[in-house]
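Input: a single structure, listed below in structure tokens.
Only this structure's heavy atoms are used, side chains among them; waters, hydrogens and symmetry mates stay out. Numbering starts at 1 and runs along the sequence shown.
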Amino acid sequence: MSISFKRLVVGPPLSSDRLGEQMLSKRIALPVFASDPLSSVAYATQEILLVLTLGGLAYLHLAPWVAAAVVVLLAVVVLSYRQVVHAYPSGGGSYEVASRNLGAWAGLVVASALMVDYVMTVAVSVAAGVDNIISAAPALEPYRVLVNLAFVALLTAMNLRGVRESGRLFAVPTYLFVVGVLAMIAVGLLQTAFGHPPVAESADWQVRAAAGHVGLTGLALMLLALRAFSSGCTALTGAEAISNGVPAFRPPRSRNAATTLTVMGGLSITMFAGITALAMISHVHYVDNTCRVAGFPGNCASGTQRTVIAQIAAAVFGGTHSVMFFFIQATTALILILAANTAFNGFPLLAAILAEHRYLPRQLHTRGDRLAFSNGIIILAVVAGTLIYAFEGSVTRLIQLYILGVFTSFTLSQAGMVRHWNRELAHTADPGRRRHIHRSRVINAVGACLTALVLVVVLVTKFSHGAYLVVIAMPVLYAMMHGIRRHYDRVARELRPRPGGIVLPSRTHAVVLVSKVHQPTLRALGYAKATRPDSLTALTVKISDEEVDVLRSEWDEREIPVPLTVMASPYRDITGSVLSYIARLHGEHPQDLIAVYIPEYVVGHWWEQLLHNQSALRLKARLLFQRGVMVISVPWQLDSSDRAAARRPYPAPGGTTAPAAAAGTATPSASVGTTGTGPEVG
């Protein structure tokens, strides 16, 4: 990505001392961290109805009971996570709770579950949002996947601009959605109270039971209800994001986070219960395959059904051409797409914490130009986009992979909090404080039991429908993070200083690689001689007799006071010949240090780099694996690199812009030009 395009997309860089400006107020934090659970009410009821209609219309009477169970569970989870944000304000959330109280293994299980959950949040939220767009504009159906990927790219760009800036942008659609849904619920319930209940467009449709779901009784009926419940639990997704993002809140962080969590829970419960009630009042019938519907208008093989919230909005506000119908559809689509922002904030924060603990690459702990964890944002976007492409943007197919990771983290987090409170009780004598701890422990214990039960239900009911992929992905992530930690620990042990202080080499042998007598070669020879090595050799590899003769002639003509060694290479293998010489020299002087100086010239454009061979890069890559060998790059910036550097000045300390170095003033080091090194070593 060129610098100018990057600045257009991401914006100008922010200095580290402006990190405090990126902290969020409760008003902005709600749409940033709670848009996922708030938006999931748009499809949670739909998923319940989708499962229950597998048995036909006879089992829709179970929907209110299933929804009531989801509401109770959501209330318990919100209360449980209020305890977490007060007890662990550093922002680790479920990962930190499980790691500190249950051990590193539990922390890694939670981390792998949350990472899967965040990826699925992006995929499902964007796909559900596009579903609602297609409900209002069916002509977009052939471009479903493309529209999904375009929205993922847009969200990525906005989050790369920084948390606060993206939060301001996303706040308006979130609040418009909340107001629109609450207004729809109020109007619909008032119409019902006055004897004119809304009627959905699918109310008269007759639904045939799916194969194997006719006349369910006993255990089969219970499994259907449990599967509907597990699908409805999508309303709980994202509830843990606030506990992960406590450091992003303005002080007092814990109190502000807990307040935001309470508001989120209250709004989610109200909207979910209201939408479910209106769906039952208006007799919405929603199926996975419209060919099972008698009375479906159009071609059932290619036609799609309007979403549940779209049918309710049309029934309440007088049809699909009313202003409020389009308002509800527009805000629903927006918040569903923007709900992915919860994951775009939660995933990079979690990845940064894991990287700090050496379970993920250290690059994920580095903030980008806009003080966002850019690497985590990009990884999340790529993986989520791949899933959307693989599952063709289908919410029904993607959502089967959802929930399992959510309830794994819920369960271990609440179990960890119970152990946390047990430890607190052992060190607390104040009666008032002990009563508070007992109350908190009961809340977390109930939460742990309920979420563990739901985890089992979700695993059993969704395993064969796609959840097995999550069961595979989580252990793979666990093993990967465990392996990364072992690697970092091994490297740390090997790099630990040994007793005895600095060990100086007995002697130093300098070798300067030469292809021609030009400025980079003369600079490398001068720098190598200035280091006062015990021996200094200029080494060239003979590809043709004519080139070597010219080189010797110029060498003697300039009276260069360094012996020129020529290695024959009948197979024109420059790298192998140099390595062979260095290996022989090291064998003759095993206790000495060998310093290899590589003259390089730096170009300013990518296309210039293509015009020069990359023998220096190959040599450096191979020499770095040789023990007792130091590799020193001696760059020479050409005029094009000087002009390129001038076009991209870098910020100096204090916020001013430092000028680029002039051509020919480089010091021996890694080059700082635009890109590309291009010596011909031979």
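- The number of heavy atoms from other shown groups lying within 6.0 Å of OH (Y389) does not exceed 12.
- Side-chain contact check for Y175 versus L30: some heavy-atom pair is nearer than 4.5 Å.
- With values rounded to the nearest 0.5 angstrom, I379 atom CD1 is found 15.5 Å from Y118 atom OH.
- Between Y95 and L350 there is a side-chain heavy-atom pair separated by less than 4.5 Å.
- A donor and an acceptor atom, one from each side chain of S94 and Y81, are located under 3.5 Å apart.
- At least one donor-acceptor pair under 3.5 Å links the side chain of S112 to the backbone N or O of V109.
- The two residues A228 and V51 come nearest to each other via the heavy atoms N-CG1, 3.6 Å.
- The two residues V454 and L73 make their nearest non-hydrogen contact at CG2-CD2, 3.6 Å.
- Using a distance-only test at 3.5 Å, with no hydrogens or angles considered, no donor-acceptor pair links the side chain of S322 to the main chain of G318.
- In the model, Q83 has no side-chain atom that pairs as donor or acceptor with a side-chain atom of N444 under 3.5 Å.
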**OP:** Test T234 against S40 for side chain to side chain donor-acceptor pair (under 3.5 Å), laying out the working first.
**Re:** CA-CA 6 Å; T234 52; S40 61; 5.8 Å; no
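- If you check the side chains of S202 and Q311, you find a donor sitting under 3.5 Å from an acceptor.
- With a 4.5 Å cut-off on side-chain heavy atoms, L182 and T270 count as touching.
- Side-chain contact between M115 and M120: absent, with no pair of heavy atoms (C-beta onward) separated by less than 4.5 Å.
- None of M184, Q46, M271 except one satisfies the side chain to side chain contact (heavy atoms under 4.5 Å, CB included) rule with I309; the exception is M184.
- Side-chain contact check for S231 versus L50: every heavy-atom pair is 4.5 Å or farther apart.
- In terms of heavy atoms, I312 sits closest to S282 at CG1-OG, 4.3 Å.
- How far CG of L62 is from OH of Y59: 9.0 Å, rounded to the nearest 0.5 Å.
- Residue Y143 qualifies as open at atom OH: its count of foreign heavy atoms under 6.0 Å is 12 or below.
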**OP:** Report the C-alpha separation of V458 and F229 in whole Å, then their side-chain angles, then the decisive distance to 0.1 Å, and conclude whether the side-chain contact (heavy atoms from CB on, under 4.5 Å) test is met.
**Re:** CA-CA 9 Å; V458 170; F229 170 70; over 6 Å; no
**OP:** Verify side-chain contact (heavy atoms from CB on, under 4.5 Å) between Q305 and V287, making sure each step is shown before the conclusion.
**Re:** CA-CA 8 Å; Q305 192 177 357; V287 295; 3.6 Å; yes
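- Atom CG of L79 sits about 9.5 Å away from atom CG of L74, to the nearest 0.5 Å.
- For T451 and T411, the side-chain atoms include at least one donor-acceptor pair closer than 3.5 Å.
- The structure places OG of S440 at 10.0 Å from CZ of R82, a figure rounded to the nearest 0.5 Å.
- Within the model, atoms CZ of F344 and CG of L155 stand 5.5 Å from one another, a figure rounded to the nearest 0.5 Å.
- The shortest side-chain heavy-atom distance between T307 and Y43 does not fall under the 4.5 Å cut-off.
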**OP:** Just do the side-chain contact (heavy atoms from CB on, under 4.5 Å) check on T332 and F177 with the steps written out, would you?
**Re:** CA-CA 6 Å; T332 300; F177 171 76; 3.5 Å; yes
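- Only one option out of T174, T331, I335 pairs with S39 in a side chain to side chain contact (heavy atoms under 4.5 Å, CB included); it is I335.
- The backbone N or O of F391 lies less than 3.5 Å from no partner atom in the side chain of S394, so there is not a single donor-acceptor pair.
- In terms of heavy-atom proximity, S413 sits nearest to V84 at OG-CG2, 4.1 Å.
- Checked by atom type and distance alone, the side chain of T45 never pairs as donor or acceptor with a backbone atom of V41 at under 3.5 Å.
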**OP:** Please assess T260 against F249 for the test side-chain contact (heavy atoms from CB on, under 4.5 Å), listing each intermediate value before the final yes or no.
**Re:** CA-CA 10 Å; T260 305; F249 284 80; 3.4 Å; yes
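- Heavy-atom minimum distance, T156 versus A381: OG1-CB, 3.0 Å.
- Under the salt bridge (Lys or Arg N to Asp or Glu O under 4.0 Å) criterion, D117 pairs with no residue at all, not counting sequence neighbours.
- Here the straight-line distance linking atom CD1 of I133 with atom CZ of R144 works out to 10.5 Å at 0.5 Å rounding.
- Counting only heavy atoms from C-beta outward, the side chains of T408 and M474 approach each other to under 4.5 Å.
- Considering every non-hydrogen atom in both A113 and S409, the closest pair reads CB-N, 4.3 Å.
- In this structure, T320 and Q329 have side chains that are not in contact, with every pair of non-hydrogen atoms separated by 4.5 Å or more.
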